Structures are given as C-alpha cells and as structure tokens.
There are 2 protein chains.
Amino acid sequence: MASGRKLTFDKHQALEAAMYVFWKKGYGGASLAELTHRMGINKPSLYATFGNKEALFVQATDYYAEVIGAKHNAFLTQKDTPLSMRLKLFLTSIIKGQCDKNNPKGCYISLCAAETESEDIPQAAQQKILEVSELTYKALVTLFKEDVEAQHYKLDTQAQHHACFLMATIHGTAAMARAGKSQKALMPVVDHAIEGLGLAL
Amino acid sequence: MASGRKLTFDKHQALEAAMYVFWKKGYGGASLAELTHRMGINKPSLYATFGNKEALFVQATDYYAEVIGAKHNAFLTQKDTPLSMRLKLFLTSIIKGQCDKNNPKGCYISLCAAETESEDIPQAAQQKILEVSELTYKALVTLFKEDVEAQHYKLDTQAQHHACFLMATIHGTAAMARAGKSQKALMPVVDHAIEGLGLAL
DNA sequence: GGTCAAATTTACCGATCGGTACATAATTAA
DNA sequence: TTAATTATGTACCGATCGGTAAATTTGACC
C-alpha cells in the first residue's frame, strides 16, 4: 500500500499544461520557471513526479501525439467517405488546429523538430520528436498503399512521394500559422495540395 | 578623418559568421559566447561594431535576404525559360540550399519566424523577420499577376492563393530538411507542387 | 615624438538557467 | 500516539545568459 502525503495536483492536468508550454516555446525556450508556473506546481514536485525537464518533455510529446495528432489522423480512415474528402477533412482539421487562437500557433512537432539541428536538445527528447513526427508520415504511406481508392488512382506506386508532399504541406502551413497567417488565408493550400496529388474535388 | 586603432577583423566576414549562427540556432538559441567565437571577436568589439544582439540579428537577417534569398528569387524571372521550368528551378534551388551540408539545415527565415509566437524575441528582430519573409511571397504574387505565361494559364486570378501554396511548400521542405530529410527525399515535392498549380512539366 | 581617438583584452555585473538540499507538512501503518 | 513515508515550500547551488566598466594596446595626425 502507498503511504505518505498525497499529490495536491492532477498529474494529467499538469502534463497537459506542460505540453502547451513546450508547444509555445519549444524545448529550449521553455524555462522551468514558466513550466512550474503554468503547471501550478514547484520544482521539487516536478522533479519528483516527472523526473527532469527532458523526461517531462518526452511525456508531454507522447501526450500531444495521443491527444492532438491522433485526432487529425482519424479522418484518414473515416468510413463511407471518398479519399479526396478524407484528405480534405484531414488537412482542414490540421490547419484549424494550427490557427486556433486557443492553442499556441503552429505545430508542436514541427517546432521542436526544428531544434534538432540546433544541437542544444538532449538525445532522448530528440529521439522522441523524430519518432512522433514519423507517425503521420507512416499513416499516409499506409493509406496510399492500401486504400482501394488510392490504388484506383495509382497513388500506391509512389506512396512515399505523395506522403512526403503532404507532410511538407502540413509543416508548411504550420510554419505560416506560427508566423501569424490566419486559417482563412491558409485554406486555399488544401485544395492545391489535393490537386497536387492528381485528385479532383 | 577617422583616427584611432583599426578594426582587426573584416566586418562583412564577421556578419556572415553571425548569420550562420542565427541560421543554425535561431535568435534565442544563439548565445553571445557562440556568436563571438564564430565571428572571431570578443563581446566589446561586437557591441561597438554592431550595437547589441538584436541589432546584429537585424543586420544578419538583411544579409541573408540579400545574399541567399535573392539568389533563389532570381530564377523566377530568368529570361527565355517557360514558367513551369522557372518554378522548378526556383524550388529546386531552395531545396538544395535547405539540404546543403555546408549550411545549417533548413531555412533561416522559417526558423526565426517560428520564434515570433514564443514572445521571447525583441520587437525589432521580429519585425525584420516578418518583413524579409514577405519578400519571396510578394515576388511570387507579382509573378503570377504580371507574367504573360501565368496569365495564359489563368494563374493571375488567384495569385495570392497560388503564392501562399508555394510559400507553404517552401516552409514545409525547410522544416523537413531541418529534421534531417535529404535533398533526394524532398525533390518529389517539387513536381507535386507544380502540378498543384495546374501546370504540367 | 607626443597626443588623442578608437579597438582591444580582461574582468566583472545582475538576472536567469536547470537542478537540488533541507526542513516542514500531510498521510498511512503500527 | 508514534514511526515511517511521501509531498511541499524555501532557499540555495554552479553555470550561463546578455551586457558593460576600466585599463591597455594600436594607429593617425600634428
């Protein structure tokens, strides 16, 4: 049985708060002062519960992938929906999230992946970011290879190329959303991207 | 006449070195220690010559726009070249630069623009980044509106949409290059993007 | 050669960085 | 009630952050 004083905060709630801080500031830009403030706890509690900044980042990144990323990817396999419409819903959902004024602008993964090249991010954090950034790519490759409609349009032959193109589109709108572009301004990108695949709407 | 001791370093050379540091680390991630080390000078010399970190960043960003950015944009107006080919040369040149192993991976502007949302970047630096990031966008809008071939393909009617789509493509490949994707892996994006505009190769 | 102006080096400033030692408060088991 | 266990608040650690004061070189002009 566990004895001793109980936690005075909700662990998931604190992790979510940490996720929003990393989403806004990246790994290096997120200070322990801001993290503890937004999480509503102090440093010793953070270290006792989550380990250290690096371990907290890994857990926050997993949380992001499970809660935010998976929500968008679900559109790719929505039943009774044409492929072009599934892709449109998928891209629109992503852009909406990137421009939502209730969230930090842009994409958590895209932002933190940029810190890879800076070399001032710990190994485990870097590996987790690369791992999570592959999830959507792999989902797209699988879609283009195995979806019957995709096969009909011959998108299965160069599935990696098509997935790479859509990933570039997603990362691109993320960068522009972070720089201040509105959802309305970015929506035309969706139709162009789908046309770039050779699919009509 | 200016009297007194002469500078022991080349001002342009030092500015170029600073540009590469910001390109690799962003504004917040670039420390004065690394800047002075790579520039080959010490802090008082930096402050006497360039002002402070913020002023140095503004000058380095202008330098990037003039030297790197302008080089890519030149392909857009190359004489005796079909529009689709000019766009292909333009995009290829950009991706090559983003993946060049002699440079920091990705795009200087795209990286530093991401720091805008972080709020830990001074006003003047933020404004300069936004200003420079509009240069390519405006060049593309002008191209689609005024180029006779673009008009023939009816690209002048929604020039902003098409320019926005290409900007997203550029920022997207920048993010992926920074995360480690090779030039070879990103090249398929070029053809998809041009097809997204409704142009054949 | 002497004088003044400008650039260099060295050393330091207060603030903040990630991380922790320590004492205190709260909870359960005995 | 007491002992053992766990969480909390405070106060601190060495390192690094951007920025600067002061003393020392170097050079151009008279």
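What you are looking at is a predicted structure, and each value in this text was computed from that prediction instead of being measured. Below, chain A is the first sequence line, B the second, and so on; all start at residue 1.
Taking the side chain of B:L32 as heavy atoms from C-beta on, and the options D:dG27, C:dG19, D:dG18, the nearest nucleotide is D:dG18. The side chain of A:S31 approaches C:dC17 more closely than any other nucleotide in the set C:dG19, D:dA28, C:dC17. Picking from D:dT8, C:dG19, D:dA28 the nucleotide with the shortest atom distance to the side chain of A:F9 gives D:dT8. Considering only the side chain of B:K43, D:dG18 comes nearest among D:dG18, D:dT8, C:dG18. Listed nucleotides: D:dG18, D:dA7, D:dG9. Nearest to the side chain of A:L7: D:dA7.
The NZ-C1' distance, from A:K11 to D:dA7, rounds to 14 Å in whole Å. Look at OH on B:Y47: it is 17 Å from C1' on C:dT9, rounded to the nearest Å. Between the OH atom of A:Y27 and the C1' atom of C:dC17 there is a distance of 12 Å, given to the nearest Å. Following rounding to the nearest Å, A:L35 (CG) and C:dG18 (C1') show an atom-to-atom distance of 11 Å. Rounded to an integer number of Å, the gap from CG of B:L46 to P of D:dT20 is 12 Å. Nucleotide D:dT16 holds its P atom 16 Å from the NZ atom of B:K53, rounded to whole Å. For A:K25 and C:dC17, the NZ to C1' distance is 14 Å, given to the nearest whole Å. Taking atom CE of A:M39 as the reference point, atom P of C:dG18 lies 13 Å away to the nearest angstrom.
OP1 or OP2 of D:dG9 sits under 4.0 Å from a side-chain N or O of A:N42. Taking side-chain N and O atoms only, B:S3 has no distance below 4.0 Å to OP1 or OP2 of D:dG27. An OP1 or OP2 oxygen of D:dA7 is reached within less than 4.0 angstrom by no side-chain nitrogen or oxygen of A:T8. Put simply, A:S45 has no side-chain N or O that comes within less than 4.0 Å of OP1 or OP2 on D:dA7.
Heavy atoms of A:T49 sit nowhere under 4.0 angstrom from any nucleic acid atom.
Nearer the 5' end of DNA chain D, as judged by each residue's closest nucleotide, is the contact made by B:G29, out of B:G29 and B:K6. Where A:A33 and A:P44 each meet DNA chain C at their nearest nucleotide, the meeting point lying more 5' is that of A:A33.
The salt bridge (Lys or Arg N to Asp or Glu O under 4.0 Å) test with A:K24 is passed by exactly one of B:E115, B:E119, B:E117: B:E119.
The shortest non-hydrogen separation linking B:A55 to B:G51 is CB-CA, 4.4 Å.
Judged purely by atom type and a 3.5 angstrom limit, B:Q98 has no side-chain atom pairing as donor or acceptor with the backbone of B:A177.
The base of D:dT25 sits within donor-acceptor range of the side chain of B:R5, with an N or O pair under 3.5 Å.
A salt bridge is absent between B:E146 and B:K138; no separation between the charged side-chain nitrogens and carboxylate oxygens falls under 4.0 Å.
Taking the ring axis of A:F22 as reference, the NZ or CZ atom of A:K128 does not stay both within 45° of it and closer than 6.0 Å to the ring centre. Both the sub-6.0 Å distance and the 45° axial angle are not jointly satisfied by A:K88 relative to the ring of A:F75.
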